[in-house]
Amino acid sequence: MKTGSRRCSPACLGAAVALFVAPASAGHAPSDTHAYVGARVIPISGSEIDRGVLVVRDGKIAAVGAEGSVAVPAGATVHDVMGKVIMPGLVDTHSHVGGIGAADSTGPIQPGVRVYDSINPLDSGFRRVVSGGITTLNVMPGSGHLLSGQTVYLKMRRPEGDPPRTIEALFIRDHAGRPMGGIKMANGTNSIGGAPFPGTRGKSAFLVREQFIRAREYAEKIKSATGEDGVVDESKRPARDLGLEALVDVMEGRTIVHHHTHRADDIITVLRLRDEFGFRVVLHHVSEAWKVADEIASAERSGGVLGCSVILVDAPGGKLEATELSMETGAALARAGATVAYHSDDWITDSRLFLRMAALGVRGGLDRGEALRAMTLAGARMLDLGDRVGSLEPGKDADFIILSGDPLSVYTKIEQTWVEGRKVFDRADPDDHLHQVGGYGAGRDQTPYLCCAGGSGS
Amino acid sequence: MAVRPSETTIRSMFACSLAAAVLAVLVSPVAWAQVAIRAGTVHTMAGESIADGVIVITGGKIAAVGPAISTPIPPGHEVIEAAVATPGLVDARGTAGLTGVFNSPHDSDQIEPSAAVQPALRAIDAYNPRERLIQWLREFGVTTLHTGHAPGKLVSGQTIIVKTRGNTVEEALVRSPAMVSATLGPSANEGSGRAPGTRGKQVAMLREELIKAAEFVEKRRRAQGAAAGASEGAKDAKPATPPERNLHLEMLGEVIEGRVPLLVHADRAQDIESALRLREEFGVRMVIESGAESYLVMDRIKASGIDVIVHPSMQRAVWSAENQSFETAATLSKAGIRVAIESGYESYVPKTRVVLFEAAIAAANGLGFDGALSAVTIDAARILGVDDRVGSIEVGKDGDVALYTGDPFEYTTRCVGVIIEGEVVSRVAR
């Protein structure tokens with residue numbers, strides 16, 4: 001009931017949040033078991049299955065396999081998906097939907113600012129996200145800062161069949177119940193500007209090093225104020241500093257750095273800083289990674305570098321550091337042994353056409369299997385979510401998409417998107433269709449993130 | 001001298017192509033090599049596609065096209081094989097060559113900021129044929145490009161039609177000027193107290209300029225008429241003073257007299273309607289560009305008989321274009337409106353779009369394969385008025401062909417060869 005849920009009290013919202021944290025905790029009737037029968041299944045974790053069965057129970061994947069080898073449980077709701085293709089929900093490691101705004105113009109390094117305090121979950125950008133088959137995404141602040149704040153990992157849930165009205169409904173929580181996210185950093189030209197922003201690459205690295213050294217000292221002070229019993233002596237504890245706390249989480253490996261970086265030497269600078277401060281990092285965009293693929297792969301083997309999240313756009317340039325981009329970047333990285341994911345960078349590219357990224361990767365020489373993995377499991381692992389999403393395996397969240405045909409064909413349509421066993425997008429629904437193809441009203445509530453485009457609105 | 005519009009067009013085109021031909025022979029001895037193509041499928045865009053077809057290009061022109069079994073390849077022709085051949089693609093509207101890959105002041109000549117109305121700005125004085133974006137487009141099969149001053153000013157300047165090759169603009173040139181670029185909607189507002197600042201002011205200013213141009217044309221006509229009368233010995237004819245030269249009004253005069261179309265970038269339905277109202281008032285030739293909400297005013301567009309160069313399918317759906325649709329081209333086409341698909345203008349990344357990719361999205365969203373290929377070949381050529389030379393593979397037309405490993409619109413298909421007027425200008429796989 002729309003009206004009722006709109007007027008949900010704070011207490012009711014709290015209950016709703018708790019429900020989403022542990023959707024499978026309560027007992028469920030047999031009707032909560034669903035079997036999707038007859039589709040070609042691309043589990044990512046194994047070979048493609050010509051005619052498969054996917055069994056979902058209580059929002060989790062219960063079984064997946066070939067027809068005949070996997071039984072349809074008694075009492076299960078059977079979905080005939082003959083002729084369709086099923087694959088895991090896509091994982092977008094880098095998106096800017098939701099009208100985001102984190103760090104402001106007062107300084108280049110603002111790790112205490114959380115992007116989720118800015119997101120409008122009703123933004124129609126999220127409707128486009130699910131219409132593009134994306135079920136998990138990393139919403140990030142922009143690249144106009146050396147460190148623009150804390151990112152948030154979201155699940156495109158659709159509780160009670162309606163679009164969610166609170167960002168809490170979309171959180172992915174860690175074992176302690178905290179919303180998961182990373183830290184957004186950038187180097188190169190986007191984060192260079194007038195004071196207090198750095199004016200050069202040298203100054204950029206200096207400012208980052210200075211801040212991480214401060215955070216290290218902050219951590220040491222806390223450590224020395226902590227007794228052997230783990231209790232902190234509040235009289236010796238340094239004053240709380242939200243920014244330094246966030247950087248300590250980064251240096252202790254709890255939070256992953258998502259680092260915008262394009263030019264080959266900028267990529268190497270990230271690796272150098274990583275070696276000094278020991279953070280875990282995903283290299284994002286990496287337009288010139290093809291020039292230093294061996295170095296990236298070697299850093300990944302040494303640990304700490306989780307791989308590259310690549311963007312492909314339809315032509316080079318538009319800014320100096322993207323003039324050397326190549327459709328063959330994914331293939332070059334894979335050949336060198338580095339892990340490859342793709343991202344939309346929405347609004348740089350359109351979430352609705354996210355699968356196109358994998359197909360262009362194949363056009364650029366990437367193996368089909370690796371390209372599909374790059375859209376799903378590889379991205380999930382770059383968000384520390386590889387054990388929960390990104391492949392169709394028993395025990396994982398039932399996040400999957402139903403396609404009209406091969407995922408790499410331009411003519412294929414995403415027909416349905418499911419998150420944790422619930423349908424969140426259906427092309428047959430007129431309103432969902434409007435958001436997938438566009439048309440009058442599709443832009444309602446949408447707030448594009450402009451970042452560095454410079455151009456004025458029209 | 002009273003000159004009929006068609007004569008001017010034909011004469012200037014002839015002069016241009018003659019000059020280009022002479023230059024091509026002098027500068028580039030390989031330009032008119034003899035090439036033949038054998039392809040599993042030839043999409044001629046003039047009748048049915050040909051299975052196992054042959055295209056023979058001799059002297060830069062298509063000399064023969066047909067099934068391999070009945071189309072002999074003359075001796076002395078290099079034979080290039082591919083799975084699929086299409087006409088070289090025609091990008092109905094872009095800015096590459098005036099915009100460059102670096103997006104820096106030295107390669108960004110698409111908008112001159114000092115005034116809202118500058119129709120005298122010529123694209124030939126700014127086009128860089130060696131720009132990397134031109135090479136990028138060429139290597140995906142684009143051989144003809146309508147480029148020039150960008151949307152974003154009430155009247156930003158002129159456009160040109162070029163082939164995506166050549167070392168100088170003269171070598172590349174097909175037509176100059178092609179159109180005059182205008183914009184209606186908030187992106188044409190000047191801001192900070194300068195005019196125009198509203199939709200109403202935009203139309204008022206444009207009407208004023210067109211009225212001035214019409215008066216200029218009339219004054220010039222009267223002076224010419226009087227001069228002609230005097231030479232015929234009419235003694236009592238008063239000497240009429242010709243108007244002072246005014247390059248802006250001279251160009252808008254070309255628009256008023258119907259020799260050069262007004263290309264109006266308009267996204268919101270009310271901006272498209274304003275454009276059509278101007279067309280009705282002044283009787284100018286007009287093409288609508290972008291047209292994000294054109295599906296709301298199809299009846300009026302159709303009644304006016306004008307063509308629409310539809311926005312790139314993947315253009316960002318924001319601001320005035322927030323209601324655009326992947327299905328816009330299909331919806332208009334089904335209503336009987338001729339459409340092309342443009343690469344448009346991009347202020348950031350990607351610095352240019354590629355009509356091959358934009359047409360692919362339209363193909364998959366209701367326009368279909370044939371409709372989408374038409375929108376970037378023969379129908380684009382018709383809208384630009386160059387279908388006598390490009391847009392289809394027919395005997396006598398320019399030898400412009402793009403070669404693909406399969407369905408050109410499939411993401412994973414690669415463009416493996418591009419030929420312009422018989423010259424193989426790309427052999428890389430893209």
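Values in this document were obtained by computation on a predicted structure and should not be read as measured data. Each chain gets a letter, A, B and so on, in the order the sequences are listed, and its residues count up from 1.
Taking a cutoff of 4.0 Å between a charged side-chain nitrogen and a carboxylate oxygen, B/Glu346 and A/Lys319 do not qualify as a salt bridge.
Shown here is A/Tyr440, whose OH atom has no more than 12 heavy atoms of other residues, nucleotides or ligands within 6.0 Å.
For B/Glu358, the part sitting under 4.5 Å from any heavy atom of chain A is the side chain, from C-beta outward, and nothing else. Both the backbone and the side chain of A/Ile348 come within contact range of chain B, each with at least one heavy atom under 4.5 Å from a heavy atom of that chain. Using a 4.5 Å cut-off between heavy atoms, B/Leu356 contacts chain A through its side chain alone, with no backbone atom that close. Interface residue B/Ser104: only side-chain heavy atoms are found under 4.5 Å from chain A. Interface residue B/Arg414: backbone and side-chain heavy atoms are both found under 4.5 Å from chain A.
Among the residues in residues 92-100 of chain B, none has a non-hydrogen atom closer than 4.5 angstrom to a non-hydrogen atom of chain A.
Panel note: side chain A/Lys413, backbone B/Ala364; a donor-acceptor pair is recorded below 3.5 Å. Looking only at distances, no side-chain donor or acceptor of A/Arg356 sits under 3.5 Å from a matching main-chain atom of B/Tyr411.
Partners of A/Asp432 by salt bridge (charged side-chain N to carboxylate O under 4.0 Å, His left out), not counting sequence neighbours, listed by chain and number: A/Arg127, A/Arg158.
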Residues B/Phe326, A/Arg352; criterion side chain to side chain contact (heavy atoms under 4.5 Å, CB included); working and verdict: CA-CA 11 Å; B/Phe326 290 155; A/Arg352 298 176 295 173; 3.5 Å; yes
